[in-house]
Amino acid sequence: MRILKCYLANNTRNQFVNAKEAAKAGHDAGYWTCASCGCELLLHVGKPGDAPWFEHILHSIPHQRLMKCAWVDPEEKARAREKKLRQVVYSVDKNVRPPQEWHCVLCDTAYQGNKYCRICKSGFYSTEPILRDILTMPVSLAK
């Protein structure tokens, strides 16, 4: 999992501390937690020219809680959302079969099999029998 560099943390008194303040104070062995997810952090002073930053200690909190952190790479979050969406889509019941019974509302004929009325030579006017009463035009309106 890729997590971006974190520059803000909470100290042991639950006060906000930025990485520069922590590095200047010389608290390289201090205890910090992420202000977003509560994960333990490790301070990196960095090389000359690089700003100090905090690193998440990944095993300090559960993965699901860590994924809600503001410092997780947005691409990583997008992949996780896509994976979850795929699971939802693929979990849809695959045993659902298309209807096998049809009713042609044009010639008022019931038939089974493919959606193709042999009398009308079309499947365009065919519906499921459940919808027959809804879609069939009453005789009084047909005139």
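Computed over heavy atoms, backbone and side chain alike; hydrogens, waters and symmetry mates excluded. Note that the numbering runs from 1 along the sequence shown for the chain.
A donor-acceptor pair is defined here as one N or O able to donate and one able to accept, closer than 3.5 Å; such a pair exists between the side chain of Trp102 and the backbone of Gly113. No donor-acceptor distance shorter than 3.5 angstrom exists from the side chain of Lys115 to the backbone of Thr127, with no hydrogens or angles considered. Judged by distance alone, with hydrogens and angles left aside, the side-chain atoms of Tyr111 form a donor-acceptor pair with the main-chain N or O of Tyr116 at under 3.5 Å. Not a single donor-acceptor pair under 3.5 Å links the side chain of Lys84 to the backbone N or O of Arg81. Within the 3.5 Å criterion, the main-chain N or O of Ala70 finds a donor-acceptor partner in the side chain of Ser36.
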- Query: Are Cys6 and Glu55 close enough, and set up right, to give a side chain to side chain contact (heavy atoms under 4.5 Å, CB included), and what steps lead you there?
  - Reply: CA-CA 6 Å; Cys6 178; Glu55 175 186 8; over 6 Å; no
TODO: Carefully, step by step, assess Ile119 and Leu106 under the rule side chain to side chain contact (heavy atoms under 4.5 Å, CB included).
DONE: CA-CA 10 Å; Ile119 296 171; Leu106 186 63; over 6 Å; no
Note to self: If you apply the rule side chain to side chain contact (heavy atoms under 4.5 Å, CB included), what do you find for Cys39 with Arg65, and how did you get there?
What the structure shows: CA-CA 9 Å; Cys39 180; Arg65 190 166 150 203; over 6 Å; no
query = Should His44 and Asp50 be marked as a side chain to side chain donor-acceptor pair (under 3.5 Å) after you check the CA-CA gap, both sets of side-chain angles, and the distance that decides it?
reply = CA-CA 10 Å; His44 290 275; Asp50 289 341; over 6 Å; no
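Taken to the nearest 0.5 Å, the CG atom of Asn11 stands 11.5 Å off from the CG atom of Leu41. In this structure, Asn10 CG and Gln15 CD are separated by 9.0 Å, a value rounded to the nearest 0.5 Å. Atoms CZ and CG, on Phe54 and Leu42 in that order, are 9.5 Å from each other to the nearest 0.5 Å.
Around the CG atom of Asp73, the shell of radius 6.0 Å holds more than 12 heavy atoms that belong to other residues, nucleotides or ligands. Taking a 6.0 Å sphere around NZ of Lys77, one finds it holds more than 12 heavy atoms contributed by other residues, nucleotides or ligands.
Ring geometry for Trp71 versus Tyr7: interplanar angle over 60°, hence perpendicular rather than tilted (30 to 60°).
The minimum heavy-atom distance linking Leu66 with Cys37 is given by the pair CD1-SG, 4.1 Å.
The cluster map of Ile, Leu, Val, Met, Phe, Trp and Tyr, joined by side-chain heavy atoms under 4.5 Å apart, puts Leu58 and Trp53 in the same cluster.
Here Glu76 pairs with Arg79 in a salt bridge; the nearest charged N to carboxylate O distance falls below 4.0 Å.
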